[in-house]
Amino acid sequence: MLDLIPQVAARGKHSSRDSARITSRERLHLGSIQLDFTASGPRSDPPMPWYGFGYRGFEQLGFGQKLSLDLPEPIQLEEAAAPTDTEVTKAVPAWSYSAFVTEDGSLLLSGSIGASPHKYLSFKGLDCVDVLPTEKYLLVQLKERLQCWDTQAFIAEGPHAEPMWKMDLPSAHNSLFPLVTNGYIVPKPPFFRELPSKIHARKLALGNEHAVLLTSELTVLTWGAGRHGQLGHGDLEDVEEPQIVDALHGVPMSEVAAGGWHSAGISESGDIYTWGWNESGQLGLPCKTQQCSVSTKQSHKEDEMGNTGSGELYSWGWGKYGQLGHGDTDSLDQPKLVNYFSVKHLCVNDVICRNWSTYVFCLESLEEKKKKGIFS
């Protein structure tokens, strides 16, 4: 099932708070789609852990015996590789391994890394800022340059392997990875791709074969393979150069995301638009396949999702490995609240989902902080 042009999957009202201590924003991330309406505040308490759920057959979610997790659990990394006081600032899954960036700029890989015998690889003091891991390549953004390793090099040399590609970044670089000055990075040679000089890019999301870009004018552009409707141009044609998604033209957008073969965006008013492949309900729109269930208790109605700003997490799409976090392996074609975090009074601050796995970073909820006297 395909949707060739963007459709509204959920409506909301973009609320703002007058308090100087907390700000609201909306974030969207696609694998099976995960949505969090985030409330973030000052970090005066000890670091909270990252939580993981979904496929973990290679220990990419940290060590453990289960093949998959259908409920979130704190990620447990090997003590020798990441001492308990290590603060992880970024967690990104590939299929057979995951990459973790720490606050001191180190990089930790966990799982089956290019068929290497090492379950963990640690790159200390790398000045790592961001990372894009794939099965064949590991792309890393450092403070002053980009580097890429062929993961096969880790088999013999481990963390001492030399990068196969490097590119220096200008001192004034401030683009949001995988955007870089004058272009962007993709996880296959030649790695760097130029963008037309007339495009002022704000954010870029990469699918398996396509790209979705948000401009500084809040316009959405897409390009790449289009056979699943993931470009949103009303057809299945491939597009080589960035092209405006006409169905969204004139709608100011604040966020974009890309799954394997589907895409999404959030308007400034809080509406979620989705388009592309929908065989498992990943668009949050009715799915006709037998494997897709409909959530009857929670849906994407405005009164359930439209005014939230408390860091709740909703998920939908393919759920075979528990990557939706609902305690089962059902697939859903409507957003459903991940109760785990609400029950534990945790405020979802970041979410990343790719390759059957989901990572979530939390802070204590505003209500819990009030109880402790952090906020009055």
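Below, all heavy atoms of this structure are taken into account, side chains as well, without hydrogens, waters or symmetry copies. Along the sequence shown, the residues carry numbers beginning at 1.
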Sequence-distant partners of Ser96, side chain to side chain donor-acceptor pair (under 3.5 Å), two or more places apart: Glu135
Lys119, NZ atom: more than 12 neighbouring heavy atoms under 6.0 Å: yes
Donor-acceptor pair, side chain of Ser110 and main chain of Glu59, under 3.5 angstrom: yes
Check: Trp275 main-chain N/O paired with Ser263 side-chain donor or acceptor under 3.5 Å: no
Backbone N/O of His228 and side chain of Gln230: donor-acceptor pair under 3.5 Å: yes
May I have the list of side-chain donor-acceptor pairs in residues 157-167 shorter than 3.5 Å, sequence neighbours left out?
none

Under 3.5 Å donor-acceptor, Arg354 side chain and Pro93 backbone: yes
Test item: Trp50 side-chain N/O and Val360 main-chain N/O as donor-acceptor pair under 3.5 Å: no
Without placing hydrogens or testing angles, list every side-chain donor-acceptor pair under 3.5 Å for residues 232-244, not counting sequence neighbours.
residue: His233; atom: NE2; partner: Thr222; partner atom: OG1; Å: 2.9
residue: Asp235; atom: OD1; partner: Glu237; partner atom: N; Å: 3.2
residue: Asp238; atom: OD1; partner: Gly226; partner atom: N; Å: 2.9

Close side-chain approach of Leu146 to Gln141, heavy-atom, < 4.5 Å: yes
Gln60 side chain vs Trp95 backbone, donor-acceptor pair below 3.5 Å: yes
Spacing of CG belonging to Leu324 relative to CG belonging to Leu71, to within rounding of 0.5 Å: 11.5 Å
Pairing residues for Glu209 by the salt bridge (Lys or Arg N to Asp or Glu O under 4.0 Å) criterion, not counting sequence neighbours: Arg227
Heavy-atom side-chain proximity of Ile266 to Met253 below 4.5 angstrom: no
Polar side-chain atom of Thr102 near backbone of Val88 as donor-acceptor pair, under 3.5 Å: no
Short side-chain to backbone donor-acceptor contact, Ser106 and Gly125, under 3.5 Å: yes
Side chain Asn278, main chain Leu283, donor-acceptor under 3.5 Å: yes
Sub-6.0 Å ring centroid separation between Tyr120 and Phe100: no
Distance-minimising heavy-atom pair for Val212 and Ala258: CG2-CB, 4.1 Å
Heavy-atom closest contact (Gly322 atom, Thr329 atom, distance): N-CG2, 4.1 Å
Glu217 and Thr215 side chains, donor-acceptor separation under 3.5 Å: yes
Set of salt bridge (Lys or Arg N to Asp or Glu O under 4.0 Å) partners for Lys90, sequence neighbours left out: Asp130
Within-4.5 Å side-chain heavy-atom neighbours: Pro6 and Val251: no
Under 3.5 Å: donor-acceptor pair, side chain of Thr358, backbone of Gln323: yes
Atom pair OG/OH of Ser357 and Tyr97 - distance to nearest 0.5 Å: 13.0 Å
Ring centres under 6.0 angstrom apart (Phe53, Tyr340): no
Check against side chain to side chain donor-acceptor pair (under 3.5 Å), His262 and Thr274: CA-CA 7 Å; His262 60 292; Thr274 59; over 6 Å; no
Salt bridge (Lys or Arg N to Asp or Glu O under 4.0 Å) partners for Asp150, two or more places apart: Lys136
